[in-house]
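What you see is a predicted model, and the numbers here were worked out from it, not measured in a lab.
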Amino acid sequence: MKSESASERIRVLGFRRWYERQLIEGHLWLASCFVAMIAVAAGMELLTLEGGVREFLTDALLIAGGCVAGWLSWRRYAWTMLRAEAIGEQAVCGGCRHYGFRCCGVDGGRMRARCPKCSHEWLIDEPVPGPR
Ligand SMILES: [Zn+2]
């Protein structure tokens, strides 16, 4: 999957649609974290040596895989929500208090935002990139 910066995605989608997708994506990561926790719990429930070493290793692998998937999903959820919140907090126009903006480029690593109502321009900082 090609990785794009938030400014590129906002330029294509517009801020409000990008923000909405970030919330959906974040909650899908949270749901996958929950599924991974269920896999860990199921693995713990099934873990026993009574069925032989092969079954034990399968259950242990389910637990380990669930832990890794859960941790990665949680990190991705946290990063997605943090980024959406950080950019969302800066989305209010200083000129007319309108919420939302159009991305009109990148200036020194900061996103250049323009108000669709009054054409006021300001710079938006993206948080430091997190896990992918
Ligand atoms: Zn404005």
Side-chain angles (χ1 to χ4, degrees):
M1 190 171 107
K2 188 185 169 204
S3 177
E4 291 180 312
S5 71
S7 60
E8 290 167 358
R9 295 301 298 157
I10 291 171
R11 193 175 3 218
V12 171
L13 296 170
F15 168 72
R16 287 178 184 240
R17 194 172 297 156
W18 172 84
Y19 189 80
E20 179 184 283
R21 288 189 184 184
Q22 291 297 296
L23 297 185
I24 293 168
E25 183 186 321
H27 285 90
L28 288 174
W29 283 114
L30 183 63
S32 69
C33 179
F34 187 71
V35 169
M37 288 183 345
I38 291 171
V40 170
M44 297 286 257
E45 187 71 25
L46 295 170
L47 193 65
T48 177
L49 276 170
E50 290 173 10
V53 173
R54 188 174 172 183
E55 196 173 312
F56 176 83
L57 290 176
T58 303
D59 298 337
L61 192 64
L62 180 66
I63 294 169
C67 286
V68 170
W71 174 244
L72 293 175
S73 297
W74 176 257
R75 284 175 47 125
R76 189 66 192 250
Y77 163 72
W79 164 245
T80 302
M81 299 306 278
L82 181 126
R83 181 174 62 178
E85 184 64 24
I87 293 176
E89 284 177 353
Q90 302 172 73
V92 178
C93 172
C96 70
R97 311 302 299 162
H98 174 76
Y99 182 70
F101 62 89
R102 291 198 180 108
C103 180
C104 53
V106 176
D107 191 358
R110 302 171 81 194
M111 197 182 327
R112 276 200 1 248
R114 179 180 293 140
C115 177
K117 276 192 163 178
C118 71
S119 298
H120 174 72
E121 287 193 11
W122 70 98
L123 293 171
I124 291 179
D125 291 312
E126 285 187 45
V128 178
R132 293 284 164 193

Engineer: Roughly how far, to the nearest 0.5 Å, is the CZ atom of R9 from the CZ atom of F15?
Structural biologist: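 The CZ atom of F15 sits 14.5 Å away from the CZ atom of R9.
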Engineer: Once you round to the nearest 0.5 Å, how far does CD1 of I38 lie from SG of C33?
Structural biologist: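 If I round to the nearest 0.5 Å, the distance is 10.5 Å.
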Engineer: Just say parallel, tilted or perpendicular for the rings of H120 and W122, cut-offs at 30° and 60°.
Structural biologist: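 Rings of H120 and W122: parallel, as their planes differ by under 30°.
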Engineer: Between atom SG of C103 and atom CD of E8, what is the distance when rounded to the nearest 0.5 Å?
Structural biologist: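 Separation between the atoms: 9.0 Å.
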Engineer: What I'd like to find out is whether the side chain of L123 reaches to under 4.5 Å of the side chain of R112, using heavy atoms alone.
Structural biologist: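 When only atoms from C-beta onward are counted, R112 and L123 do touch, with a gap below 4.5 Å.
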Engineer: Can you check whether P127 reaches W79 side chain to side chain, under 4.5 Å on heavy atoms?
Structural biologist: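 Yes, at least one pair of side-chain atoms sits under 4.5 Å.
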Engineer: Which heavy atom of R11 sits nearest a heavy atom of G105, and at what distance?
Structural biologist: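 It is NH1-CA, 3.6 Å.
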Engineer: Looking at every heavy atom in both S73 and S32, which two are closest together, and how far apart are they?
Structural biologist: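 Of all heavy-atom pairs spanning S73 and S32, the closest is OG-OG, 3.0 Å.
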Engineer: Looking at side-chain heavy atoms only, is the closest gap between P116 and H98 below 4.5 Å?
Structural biologist: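 P116 vs H98: side chains touch.
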Engineer: State the CG-CD1 distance between L47 and I63, to the nearest 0.5 angstrom.
Structural biologist: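 If we round to the nearest 0.5 Å, L47:CG and I63:CD1 are 4.5 Å apart.
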Engineer: So do I87 and M111 actually touch side chain to side chain, heavy atoms under 4.5 Å?
Structural biologist: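 Yes - at least one pair of side-chain heavy atoms lies under 4.5 Å apart.
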Engineer: Could you pull out the closest heavy-atom pair between S7 and S5, with the gap in Å?
Structural biologist: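 Nearest pair, atom of S7 first, then S5: OG-OG, 3.0 Å.
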Engineer: Find the distance between CG (L82) and OH (Y77) and round it off to the nearest 0.5 Å.
Structural biologist: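 Here the interatomic distance stands at 11.0 Å.
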Engineer: Whether the side chain of Q22 engages the backbone of R83 through a donor-acceptor N/O pair (distance < 3.5 Å, no angle test) should be reported.
Structural biologist: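 A pair under 3.5 Å: no.
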Engineer: What's the verdict on side chain to side chain contact (heavy atoms under 4.5 Å, CB included) for F101 and V92, showing C-alpha distance, side-chain angles and the deciding distance?
Structural biologist: CA-CA 8 Å; F101 62 89; V92 178; over 6 Å; no
Engineer: Using side-chain heavy atoms (C-beta onward) and a distance below 4.5 Å, is Y99 in contact with R16?
Structural biologist: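 Sidechains of R16 and Y99: in contact.
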Engineer: Looking at side-chain heavy atoms only, is the closest gap between R76 and W71 below 4.5 Å?
Structural biologist: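 Not in contact.
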Engineer: Would you say the side chain of M81 lies within less than 4.5 Å of the side chain of L23, judging by non-hydrogen atoms?
Structural biologist: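 With C-beta onward as the side chain, the pair touches.
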Engineer: With clusters defined by side-chain heavy atoms of hydrophobic residues (ILVMFWY) lying less than 4.5 Å apart, directly or transitively, does W74 cluster with W29?
Structural biologist: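 W29 and W74: one cluster.
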Engineer: To the closest 0.5 Å, what do you measure between SG (C96) and NZ (K117)?
Structural biologist: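 One gets 6.0 Å once the value is rounded to the nearest 0.5 Å.
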Engineer: When clusters are formed by joining ILVMFWY residues with side-chain heavy atoms under 4.5 Å apart, either directly or through shared neighbours, do V53 and L46 land in the same one?
Structural biologist: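 They do not share one cluster, since no chain of ILVMFWY contacts under 4.5 Å joins V53 to L46.
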Engineer: Please answer: with hydrophobic residues joined when any side-chain heavy atoms are less than 4.5 Å apart, are L30 and Y19 in the same cluster?
Structural biologist: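 Linked, L30 and Y19 end up in one cluster.
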